Amino acid sequence: MRIYRDPIYLNKEALTPIANSFGIEVDTSIEVDTRDSTNKKGGFDAKATIPGTSVGAGFNIGGGTESEISQKRTVTAHPGAALNNLIEKLQEEESLIDLSDKQAITKDEQAITKSALIEIESDWELSPVTDQGRMLNLVLKQLLQNPNNIPKKVPVELIRDALEPRPTDENQKLIFIKTSEPTNDMTVIALLDSEWLVGNNTEDDLEEDRTFFGLVETFKPEGEFYSLEKHFTRGLNRALRRKVDLKRLYESVELSEEDLKFHGPLVVIKVIAVYP
């Protein structure tokens, strides 16, 4: 039985090269040219062709063309269909790691390696560090205007701005954590970008029981850690980093360097799609 996955989050930028490597097109358009004609004997010709190919179909009754009507339409391959075809192909080839709660596995059964494709059906929750990261981004915007403009404590207006609904055109790094009981004592965190939410969905729609599909960004064993610092300080170039006291910057939004760290054993997923 084929299952259709209706994504509520879909990163087409990440999906496209992976799907293409399996011969699956994403967002491709084919122009179909349809020609209908009547003839002198009252007959009728109908023919449809796809430019660039030899494909054609039609029928003929009578003969002698009198007039012709030409129509063009565009057929588009939906990225959701490409996603489903990709996952089906990965499952057929047994090259998709499944860390779902229902699929209890050990590290020896399926190796978790960097850039491996992975699917996880579980309960998820938005990490509080997501909102702290948004406040950090707001402070960075002030810094870009004036490198010396680091507040000593969280300004009231900054808190107010952070609590405002996010503009639809503002991309926000979303950090989700797998909340169900781990199958092998491993933490799973998922990285998403709000710009790829489908339709009217929000980050709230990604919580609870959802399936996350993506690439393994990294795996950290016990004793090592993964830091989110690079995701929340992208606005700082090297020259500005040398001038800015990051510890003071973090303190200005009631954040510490430790708050941005997740300790192993853990796997970090760059999410391509989320579906119920």
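Computed from a predicted model, the values in this text were never measured in an experiment.
- Residues I24 and N85 come closest through the heavy atom pair CD1-C, 3.7 Å.
- Put simply, the residue from V216, L192, L215 that forms a side chain to side chain contact (heavy atoms under 4.5 Å, CB included) with I269 is V216.
- Interatomic distance, L260 CG to H231 NE2, rounded to the nearest 0.5 Å: 10.5 Å.
- Residue-environment remark: CG (D204) exceeds the threshold of 12 foreign heavy atoms within 6.0 Å.
- The distance from atom CG of L10 to atom CD1 of I8, rounded to the nearest 0.5 Å, is 11.0 Å.
- The neighbour count for E257 CD, taken as heavy atoms of other residues, nucleotides or ligands under 6.0 Å away, does not exceed 12.
- When side chains are defined from C-beta on, S256 counts as touching D259, because their heavy atoms get closer than 4.5 Å.
- W124 and F212 have parallel rings, their planes meeting at less than 30° on a 0 to 90° scale where 60° marks the start of perpendicular.
- Of all the heavy atoms in V26 and N20, the pair that sits closest is N-ND2, 4.2 Å.
- Listed here is the closest heavy atom pair of V271 and A190: CG2-CB, 3.6 Å.
- Residues F219 and L266 approach most closely at CD1-O, 3.3 Å, considering heavy atoms.
- Here S122 contributes atom OG and R210 contributes atom CZ; the two are 12.0 Å apart, rounded to the nearest 0.5 Å.
- Enclosure of atom CZ in F22 by more than 12 non-hydrogen atoms of other residues, nucleotides or ligands within 6.0 angstrom is indicated.
- Within 6.0 Å of NZ on K114 lie no more than 12 heavy atoms contributed by other residues, nucleotides or ligands.
- Scanning for salt bridge (Lys or Arg N to Asp or Glu O under 4.0 Å) contacts around K173 gives D193, with sequence neighbours left out.
- With respect to the salt-bridge test (charged N to carboxylate O, under 4.0 angstrom), the residues E195 and K12 do not qualify.
- Of the possible donor and acceptor atoms, none in the side chain of D209 sits under 3.5 Å from a partner among the backbone N and O of D123.
- Shown here is E208, whose CD atom has no more than 12 heavy atoms of other residues, nucleotides or ligands within 6.0 Å.
- With a 4.5 Å cut-off on side-chain heavy atoms, F262 and K220 do not count as touching.
- Counting only heavy atoms from C-beta outward, the side chains of L126 and L174 approach each other to under 4.5 Å.
- The closest side-chain heavy-atom distance from S127 to I189 is not below 4.5 Å.
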Test side chain to side chain contact (heavy atoms under 4.5 Å, CB included) on R5 and T211; report intermediate values, then the result. CA-CA 10 Å; R5 303 158 184 85; T211 300; over 6 Å; no
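- When all heavy atoms are compared, the tightest approach of F176 to E203 is CZ-O, 3.4 Å.
- More than 12 heavy atoms of other residues, nucleotides or ligands shown are found within 6.0 angstrom of CD on E207.
- Of the inter-residue distances, the one linking N84 atom CG with D6 atom CG reads 8.5 Å to the nearest 0.5 angstrom.
- Atom CD of E222 has 12 or fewer neighbouring heavy atoms from other residues, nucleotides or ligands inside a 6.0 Å radius.
- Remark: side-chain polar atoms of T130 are paired, donor with acceptor, to backbone N or O of I175 under 3.5 angstrom.
- For the side chain to side chain contact (heavy atoms under 4.5 Å, CB included) criterion with Y275, the lone passing option out of I87, V198, I3 is I87.
- Closest approach of I97 and I112 over heavy atoms only: CD1-CA, 4.0 Å.
- A distance of 6.0 Å separates CZ of F213 from CD1 of I18, quoted to the nearest 0.5 Å.
- Using a 4.5 Å heavy-atom threshold, the side chains of K178 and L99 count as separate.
- Taking CG of L96 as the start and NZ of K89 as the end, the distance is 13.5 Å to the nearest 0.5 Å.
- Among L197, I272, D205, the one residue that satisfies the side chain to side chain contact (heavy atoms under 4.5 Å, CB included) test with Y9 is L197.
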